[in-house]
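Keep in mind that the numbers below use all heavy atoms, side chains included, and drop hydrogens, waters and symmetry copies.
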Amino acid sequence: MWSTSECWQPPRRDSIMMTEQRGREHYGAPSICLSAVWPSVYPVHSLDLSLHVRSCWALFVRPMERRRERPRLRKLMLRAFSLLVTSILSNTKYASAVAELYASGSAHAAPQHPATCSISVIDPDPAFNVGIIKRGGKVKWAENNVERASRHFQYGSEWWVHRRLASLPAAKATNTSLAFVATYFSYMHIFAPHLRDRALKAISKLSHARQHEPRYIVPHTHPGTCAPQTRHMVRMVVDNDLCGDAPMDVPVPYVVSFPQWLVAPQIPEYPRTTWLFFRGHLPKTYIDRTQVRARIIEVLKHEPNVSVVPANVKPGAKYSPHDEYLQQMLRAKFCFAPRGDTASAKRLYESIAAGCIPIIISDKLRLPYHRQIDWRSFSLRYTEAEVASDPRKVLRDVQAMAPERIEALRKVVLAVRPMFLWHTDDNRKSAVDYVIHDLCSWE
């Protein structure tokens, strides 16, 4: 890795190549120097790193070489040169972070399924996206309940969309009607909250840096990350409970990407002897006033062939292993998917991945892919008040259902299942392809 001191020696005259001369003639040393530091403001592309460094040298240091009588000014200009070069190297380091992640096995080459429209990619600062993942980090909510800054992060659909779009020819285009802004707000919310305000400021400056202003796509895939500055943009959201409705919101599913058997083309088959299954924490009463989850467990916990189990995130709490939880879904006909701390919850998408018919209990939840699929063909939906007042009604309804009807619902669950799997198998589509299809509706 380069250190700043390696760039302190003045460049040799015989190393200045024709490409450098042409670059300076066309752009000028100031633009070339600053383009490596603020590429969105000074959009000079495809120039060698050494040319950026030499241009900064010419801009800040060379004018002072003959002014020995002003040592303080010379020292100040050298310091400015040092800071600029450090910034250039930092940007270069993070710009190559994706490639490093691929090499380390933390990422994989994006599948080449064609997108239904052209979406360019704007990267205000790699520190706002792959830099967070590169640094790593984890948050432990309880035993067997740990979030990591990786592609498996349940709110991390922006990583997958960024990875997919960056592999397409339109990624660097400047005339597309849609542009994905690579700011991982969900990762920032959990792992790097100090970056949020900087990222929002960078987004607010985008319109000043482009001749053609597209519709910007901004990911807000953690319910608590929305901001007034992006309400007029295309927002990727998991729910609108905390965000509030905006005219161009695109609902997206949570990331279900592990264990490997869960996102495989086929899932293990077991006898589905459990009528209803639920396991999850109980939100505080001031968050969930209907207390749907608590009512489900209170009323149905002793019913035969029903498995409803509470969990919590209090200090010292312990969850059963995640694989064990998913195995229980494989043995259930229907899986409760009630609201959690907000209108959405990951278990809705885990149940589909496990081939379990979801029972959606969330009044405000806007479901993803509503332009592509009919949710009524493979799920049941109840109001929160309905289930809170009489949870046994759900049990009566499913037990009264004809076996043919249950089988028909489950066949459609298995048919739409690939739309909710996040994987790196290049030979089949994944959830990211269907998310991009919905984003293209705003082209």
Side-chain angles (χ1 to χ4, degrees), residues 39-40 43 45 98 107-124 128-130 151 155-186 202-203 206-207 209-221 226 229-238 240 243 245-255 257 349 366-375 415-416 418-443:
S40 61
H45 304 293
V98 174
H108 304 271
Q112 296 302 313
H113 301 296
T116 54
C117 69
S118 295
I119 303 176
S120 59
V121 177
I122 298 175
D123 188 348
F128 301 151
N129 44 71
V130 294
R151 64 186 174 95
Y155 301 108
S157 57
E158 58 259 56
W159 181 90
W160 294 83
V161 172
H162 184 197
R163 164 184 171 271
R164 174 77 170 87
L165 293 175
S167 71
L168 300 177
K172 297 182 180 180
T174 58
N175 59 348
T176 58
S177 57
L178 289 173
F180 176 81
V181 184
T183 46
Y184 294 4
F185 281 109
S186 66
I203 289 175
L206 286 176
S207 60
R210 294 171 64 96
Q211 295 178 348
H212 167 75
E213 185 171 0
R215 281 180 171 167
Y216 296 114
I217 300 170
V218 180
H220 287 295
T221 50
C226 293
Q229 296 94 318
T230 60
R231 278 186 59 82
H232 64 290
M233 301 179 182
V234 179
R235 302 189 305 182
M236 292 169 50
V237 296
V238 293
N240 296 82
C243 292
D245 290 326
M248 293 187 288
D249 283 353
V250 176
V252 300
Y254 282 63
V255 172
S257 59
Y349 309 109
R366 290 178 57 191
L367 296 166
Y369 310 144
H370 61 273
R371 296 181 181 89
Q372 303 183 57
I373 55 177
D374 181 2
W375 280 81
V416 302
M419 303 177 74
F420 300 92
L421 306 181
W422 303 77
H423 58 78
T424 56
D425 184 349
D426 295 359
N427 298 316
R428 56 192 175 106
K429 285 189 175 183
S430 73
V432 69
D433 296 291
Y434 299 97
V435 168
I436 291 174
H437 186 281
D438 269 5
L439 293 173
C440 285
S441 65
W442 290 106
E443 187 179 26

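Applying the side chain to side chain donor-acceptor pair (under 3.5 Å) rule to Gln372 yields the partners Asp438; only residues at least two apart in sequence or on another chain are considered. Checked against side chain to side chain donor-acceptor pair (under 3.5 Å), Thr230 has the following partners two or more places apart in sequence or in another chain: His220. In this view, Tyr369 and Phe420 satisfy the ring-ring contact (aromatic ring centres under 6.0 Å, His included) rule, not counting sequence neighbours. With sequence neighbours excluded, the residues forming a side chain to side chain donor-acceptor pair (under 3.5 Å) with Tyr254 are Ser344, listed by chain and number. By the ring-ring contact (aromatic ring centres under 6.0 Å, His included) test, Phe128 pairs with no residue at all, sequence neighbours left out. Every residue meeting the side-chain contact (heavy atoms from CB on, under 4.5 Å) condition with Arg231, not counting sequence neighbours, appears here in chain and number order: Arg235, Ala246. Among residues two or more places apart in sequence or in another chain, the side-chain contact (heavy atoms from CB on, under 4.5 Å) test is passed with Met248 by Arg215, Val234, Trp442.
Looking at Ile203 and Phe185, their side chains come closer than 4.5 Å, going by heavy atoms from C-beta outward. Annotation: side chain of Arg371 is in contact with side chain of Ser441 (closest heavy-atom distance under 4.5 Å). Between Gln229 and Val218, the closest side-chain pair of non-hydrogen atoms is not below 4.5 Å. In this structure, Lys429 and Pro418 have side chains that are not in contact, with every pair of non-hydrogen atoms separated by 4.5 Å or more. At least one side-chain heavy atom of Arg163 sits under 4.5 Å from a side-chain heavy atom of Thr424.
Shown here for Val237 and Asn240, the closest heavy-atom pair between the two residues is CG2-OD1, 4.0 Å. Here the shortest heavy-atom pairing between Ile122 and Ala179 reads CD1-CB, 3.8 Å. When all heavy atoms are compared, the tightest approach of Pro253 to Ser157 is O-CB, 4.5 Å. Here the shortest heavy-atom pairing between Trp160 and Ser257 reads CZ2-CB, 4.0 Å. Closest of all the heavy-atom pairs between Ser430 and His423 is CB-NE2, 3.4 Å.
Although no hydrogens or angles enter the test, the distance criterion places no donor-acceptor pair under 3.5 Å between the side chain of Thr221 and the main chain of Gly156. Distance alone, capped at 3.5 Å, places no donor-acceptor pair between the Trp422 side chain and the Val432 backbone.
To the nearest 0.5 Å, the span separating CE on Met236 from CD1 on Ile436 amounts to 8.5 Å. To the nearest 0.5 Å, atom CG of residue Leu439 and atom CG of residue Leu165 are 7.5 Å apart. Taking CD1 of Ile119 as the start and CD1 of Ile217 as the end, the distance is 4.0 Å to the nearest 0.5 Å.
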